[in-house]
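The structure appears below as structure tokens.
Both counts, for ligands and for their atoms, begin at 1 and track the order of listing. Keep in mind that this is a model prediction, so the values were computed, not measured.
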Amino acid sequence: MSATTTGIESRSAPLRTRARVISNEPDGRGRTLRLAVPGWPGAIPGQFLMLGPGAEAGVARRDPLLPRPMAVYRDLGVVSGAAEPSIEVLYRVVGRGTTLISEAQPGQSIPLVGPLGRGFPVAPGPGLALLVGGGTGIASLYELARALLRAGRPVLVLLGARSQDDLIGRRDFEALDLELVCATEDGSHGVAGRVTEPLAERLRRAVGEASGASRAGIEVFAVGPTPMMRACAGIAAELGVRCLVSLENPMACGFGVCLGCAAPRAEGGFSLVCRAGPVFDAREIAWEGLP
Ligand SMILES: Cc1cc2nc3c(=O)[nH]c(=O)nc-3n(C[C@H](O)[C@H](O)[C@H](O)COP(=O)(O)OP(=O)(O)OC[C@H]3O[C@@H](n4cnc5c(N)ncnc54)[C@H](O)[C@@H]3O)c2cc1C
Ligand code: FES
């Protein structure tokens, strides 16, 4: 394992293999894909996979050609009675690749490369960690929440979506020992409105009430649509709080070859999201240059 100067973590060489589908079930408007991955080395929260667009029978698939980036939602290890480690991917069907992934049946295999990229830094301490997930960004936060809890951090998770059925993974977060706030734009579950509103309120309160090390250690971790992450970055910056984001730029290769995932840097130039990220300190990003 290695770390950058910002403390954002990466791990050793990724695995290239065929994962076996254990289950592929609906979760509201999302789906949970459970995969057995022989030799899976474990991932740092925030790292991702390049997942083949659908199951492969004997021959390699050529159409669609490119794999799809997906967060490692839950890293289950070797569950009792199983021979291999298993992981879960939580996803929404939005186009051809995810439609094919949704059709993969138990027993079939899906090509997988990972874990890839640099994940979230997890530091112990008394500072509140506020995790903000919007839409499919929620999938990048479950293992982060668990790692922060293991490190002894107080954790507040804020999940936002259009409506109740879009709050994918909600029940898994409810089962963790943390405070959970949900916001839906149509008011069908939790607070009505955008998730950035309770974030601003809770962050202001946390900064106002904290002192010393617990104030300096407060952090925001945000994953979701670009406007949501940009708003989280602005709220955190106003209060002098560090904000880490995980960018979801479309990716073709996942390991620095195609240059398709470049994101503009605040200091000029570009970073490859798949290699330098997907996790960045929000101050490193030129937000106005992202789609
Ligand atoms: C690091 C990373 C982690 C990701 N983790 C997850 C995850 O855990 N769960 C999940 O459901 N999705 C995740 N995504 C997004 C996911 O990769 C895309 O939804 C998927 O590639 C779409 O493939 P498709 O063939 O179904 O859609 P396409 O046919 O390629 O596109 C369908 C529509 O979705 C839009 N789209 C495609 N990719 C993205 C994107 N990255 N962001 C926003 N819109 C997009 C396209 O513009 C188009 O309008 C992640 C992306 C990245 C970069
Ligand atoms: S996805 Fe190809 S360089 Fe990043």
Side-chain angles (χ1 to χ4, degrees), residues 8 10 14 24-35 43-55 61 63-75 87-104 110-120 131 133-144 159 161-162 165-169 172-173 221-230 244-265 270-280 285 290-291:
I8 292 173
S10 67
N24 194 359
E25 301 289 336
D27 169 353
R29 294 207 175 94
R31 296 185 73 85
T32 305
L33 172 67
R34 186 176 287 198
L35 298 168
I44 291 166
Q47 287 192 296
F48 65 97
L49 311 163
M50 293 303 284
L51 205 58
R61 179 190 288 284
D63 174 37
L65 181 65
L66 298 173
R68 301 307 195 252
M70 290 286 160
V72 180
Y73 172 50
R74 297 206 302 170
D75 205 333
I87 59 170
E88 283 180 353
V89 172
L90 181 63
Y91 67 103
R92 284 282 303 261
V93 175
V94 296
R96 182 127 185 271
T98 46
T99 299
L100 288 164
I101 291 171
S102 74
E103 290 165 0
I110 296 191
L112 172 153
V113 181
L116 294 163
R118 293 180 186 275
F120 289 103
L131 278 54
T136 57
I138 292 172
S140 297
L141 295 180
Y142 180 83
E143 287 297 346
L144 175 63
L159 304 182
R162 287 208 182 114
D165 284 347
D166 299 308
L167 283 169
I168 54 175
D172 294 327
F173 284 91
F221 301 83
V223 195
T226 302
M228 186 210 88
M229 290 193 282
R230 185 169 45 218
L244 294 138
V245 294
S246 180
L247 300 185
E248 294 205 342
N249 291 22
M251 293 181 180
C253 72
F255 45 83
V257 174
C258 70
L259 311 186
C261 63
R265 295 181 64 82
F270 290 85
S271 285
L272 293 181
V273 173
C274 66
R275 288 291 290 263
V279 173
F280 293 91
I285 305 299
L290 279 179

* Asked: Is the number of heavy atoms from other residues, nucleotides or ligands under 6.0 Å of Arg230 CZ greater than 12?
  -> yes
* Asked: Quick one: CZ on Arg31 to CD on Glu103, what's the gap to the nearest 0.5 Å?
  -> 9.0 Å
* **Pairwise distance CE(Met70) to CG(Leu51) - rounded to 0.5 angstrom** => 6.5 Å
* If you leave out waters, which protein N, O or S atoms are less than 2.8 Å from atom 4 (Fe) of ligand 2? -> Cys261 SG, Cys274 SG
* Non-neighbouring partners of Glu248 that pass salt bridge (Lys or Arg N to Asp or Glu O under 4.0 Å), sequence neighbours left out -> none
* **Residue list, side chain to side chain donor-acceptor pair (under 3.5 Å) with Ser271, at least two apart or on another chain** => Arg265
* Measure up the Tyr142 and Tyr73 rings against each other and bin them: parallel (under 30°), tilted (30 to 60°), perpendicular (over 60°). => tilted
* Structure fact -> Output for pair (Leu259 CG, Leu272 CG), nearest 0.5 Å, gives 6.0 Å
* What is the distance from atom CZ of Arg29 to atom CZ of Arg92, rounded to the nearest 0.5 Å? -> 6.5 Å
* Asked: When rounded to the nearest 0.5 angstrom, what distance separates CG in Leu33 from CD1 in Ile110?
  -> 5.0 Å
* **Residues in contact with ligand 1, criterion: heavy atom under 4.0 Å** => Phe48, Arg68, Pro69, Met70, Ala71, Leu90, Tyr91, Arg92, Val94, Gly95, Arg96, Gly97, Thr98, Thr136, Ala139, Glu248, Asn249, Pro250, Met251
